[in-house]
Amino acid sequence: MSKVLAVVNQKGGVGKTTTAINLAAALALEGLPCLLVDCDPQANSTGGLGFPRDESRISIYDLLIGSNTVQEALQPTEIETLKLIPSSKNLIGATIELINLERREYRLREALAAVREEYPFIVLDCPPALDLLTLNALVAADGLLVPMQAEYFALEGISELMNTLDRVSQAFNPALALEGVLLTMYDDRTNLSQQVTDNLKNFFGDKLLKTTIPRNVRLAEAPSHGKSVLVYDPRSRGAESYHELAVELLERNNMESPRAKKRKAAAAQGDVKVRFWPYTK
């Protein structure tokens, strides 16, 4: 089984790139080969994994215009099971160039088809806009993961995103569905967070993920070191939250990771260690 998840929200600053990087890393650290695709011209996922800006490097831009294959664009990361397809500022012009190309909405989907079965999860980091780049990601995806803050402005934008999901599924990708809504930068001590959470539960039901991502200094620091927070500080609350998110998504998709199998085997043998916070997995 292979699943392509587009991390998308047209509102900026909600934690899309942080979620894309750290979810991909958490899945990879569970022993599952994972591919992170940076679809944003800002290339923050690329930089967040330690890759300096290099416009001569083969990137997602080259895949979309058809000048290179996905195998040529793959970059290894410090996590053995995690690969990256980087972005570049060349992607800014891709929206204009794609207009005159055949099957312009399907370019990313067709490019990824060559390696899709090699990765149980492919994570797409989308730009904060509903443009042709995001449309390519939505057509390539099986599910949408929507990070959002627990604030009312975020609620206003979510209806527009759901309308876009309906239009794309009807016109281009009937299999596209909402994977889940993820609350980020979450503070459960405030009344506003509780109210927004209740509203989202009423609207989305079980599509609102149980895992929430708290505000965490280590999460903010990790990209400046070119690392996922699970590598930068695996004992932090941010790292633990993204590990929980990975486990929740695996359970929702009825998938068991190699690491989960080891944990289950250890528990069956009674080899379970008591853990105290802060702790590593």
Side-chain angles (χ1 to χ4, degrees), residues 1-9 14-39 45 48-49 77 79 81-84 112 115-126 137-138 140-150 158 161-162 165 169 173 175-186 197 200-201 203-214 216 219 228-231 234 236-264 281:
M1 176 183 175
S2 176
K3 187 140 198 178
V4 181
L5 292 177
V7 183
V8 60
N9 191 327
V14 297
K16 287 190 302 297
T17 296
T18 299
T19 294
I21 291 173
N22 292 299
L23 173 59
L27 290 167
L29 289 170
E30 281 291 299
L32 295 167
C34 190
L35 174 62
L36 174 60
V37 184
D38 191 350
C39 302
S45 282
L49 285 178
T77 70
I79 301 174
T81 46
L82 176 61
K83 296 292 190 299
L84 170 73
L112 293 176
V115 297
R116 174 164 178 157
E117 296 307 316
E118 298 176 22
Y119 298 96
F121 280 94
I122 298 176
V123 179
L124 312 178
D125 181 20
C126 300
L138 298 184
D142 302 307
L144 300 187
L145 179 62
V146 184
M148 62 178 292
Q149 291 178 259
I158 203 74
L161 184 60
M162 292 303 100
L165 168 61
S169 61
N173 185 5
L176 183 63
L178 179 64
E179 184 74 18
V181 175
L182 174 69
L183 288 171
T184 59
M185 294 172 261
Y186 191 72
T197 300
L200 289 172
K201 284 181 180 177
F203 187 79
F204 288 108
D206 63 359
K207 292 296 183 181
L208 179 65
L209 296 168
K210 296 177 182 178
T211 303
T212 58
I213 308 300
N216 182 249
L219 273 176
S228 157
V229 71
L230 290 103
V231 174
S236 66
R237 287 183 65 209
E240 180 65 17
S241 296
Y242 276 108
H243 173 256
E244 291 174 0
L245 174 62
V247 170
E248 181 175 354
L249 289 176
L250 287 170
E251 290 175 350
R252 282 172 173 255
N253 287 278
N254 297 314
M255 297 173 67
E256 188 175 33
S257 69
R259 195 167 179 181
K261 292 177 181 177
K262 290 181 180 179
R263 289 194 294 264
K264 185 182 292 186
K281 323 301 177 298

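- Two residues are said to be in side-chain contact when any heavy atoms from C-beta on lie closer than 4.5 Å; N173 and L138 fail this criterion.
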side-chain contact (heavy atoms from CB on, under 4.5 Å) for V115 and K83? Distances and angles first, verdict last. CA-CA 11 Å; V115 297; K83 296 292 190 299; over 6 Å; no
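- The closest donor-acceptor contact from the side chain of N9 to the backbone of V146 lies at 3.5 Å or more, if one exists at all.
- Listed here is the closest heavy atom pair of S236 and V229: OG-CG2, 3.6 Å.
- Partner of F121 under the side-chain contact (heavy atoms from CB on, under 4.5 Å) criterion, chosen from L35, L250, L36: L250.
- Checking side-chain atoms of S169 against main-chain N and O of L176 turns up no donor-acceptor pair under 3.5 Å.
- Atom-to-atom distance recorded for K207:NZ and E179:CD is 6.5 Å, nearest 0.5 angstrom.
- Distance check, rounded to the nearest 0.5 Å: CG of N22 to CG of L230 gives 5.5 Å.
- Closest of all the heavy-atom pairs between P147 and V14 is O-CG2, 3.5 Å.
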Intermediate values then yes/no, side-chain contact (heavy atoms from CB on, under 4.5 Å), C34 and L32: CA-CA 6 Å; C34 190; L32 295 167; 5.7 Å; no
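- In terms of heavy-atom proximity, R237 sits nearest to P214 at NH2-CB, 3.5 Å.
- Between A137 and C126, the closest heavy-atom pair is CB-SG, 3.5 Å.
- The shortest heavy-atom contact between S228 and A25 is OG-CB, 3.3 Å.
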Start with the C-alpha distance between Y242 and T211, add both sets of side-chain angles, then the distance that settles side chain to side chain donor-acceptor pair (under 3.5 Å), and finish with yes or no. CA-CA 8 Å; Y242 276 108; T211 303; over 6 Å; no
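- Residue S45 is tested with D125, T18, D38 for a side chain to side chain donor-acceptor pair (under 3.5 Å); the sole match is D125.
- Side chain of R116 to main chain of S2: a donor-acceptor pair is present (N/O by atom type, distance under 3.5 Å, no hydrogens or angles).
- Residues Y186 and T197 bring a donor and an acceptor atom of their side chains to less than 3.5 Å of each other.
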Starting from the C-alpha separation in whole Å, work towards a yes-or-no answer on side-chain contact (heavy atoms from CB on, under 4.5 Å) for L219 and M185. CA-CA 10 Å; L219 273 176; M185 294 172 261; over 6 Å; no
Evaluate the side-chain contact (heavy atoms from CB on, under 4.5 Å) criterion for residues V123 and T19: first the C-alpha distance (whole Å), next the side-chain angles of each, then the deciding distance (0.1 Å), finally the verdict. CA-CA 10 Å; V123 179; T19 294; over 6 Å; no
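- The CG atom of L208 sits 10.0 Å away from the CG atom of L178 when rounded to the nearest 0.5 Å.
- Taking NZ from K3 and CE from M255, the interatomic distance works out to 9.0 Å, rounded to the nearest 0.5 Å.
- Across all non-hydrogen atoms, the minimal contact from L27 to A246 is CD2-CB, 3.9 Å.
- Atom CD of E256 and atom CD of E30 lie 10.0 Å apart (nearest 0.5 Å).
- The closest side-chain heavy-atom distance from L165 to L161 is not below 4.5 Å.
- Here the side chains of H243 and L29 are not in contact, with every heavy-atom distance at 4.5 Å or above.
- L82 contributes atom CG, which lies 4.0 Å from atom OG1 of T77 (distance to the nearest 0.5 angstrom).
- A distance-only check finds no donor-acceptor pair linking the side chain of S241 to the backbone of I213 [under 3.5 Å].
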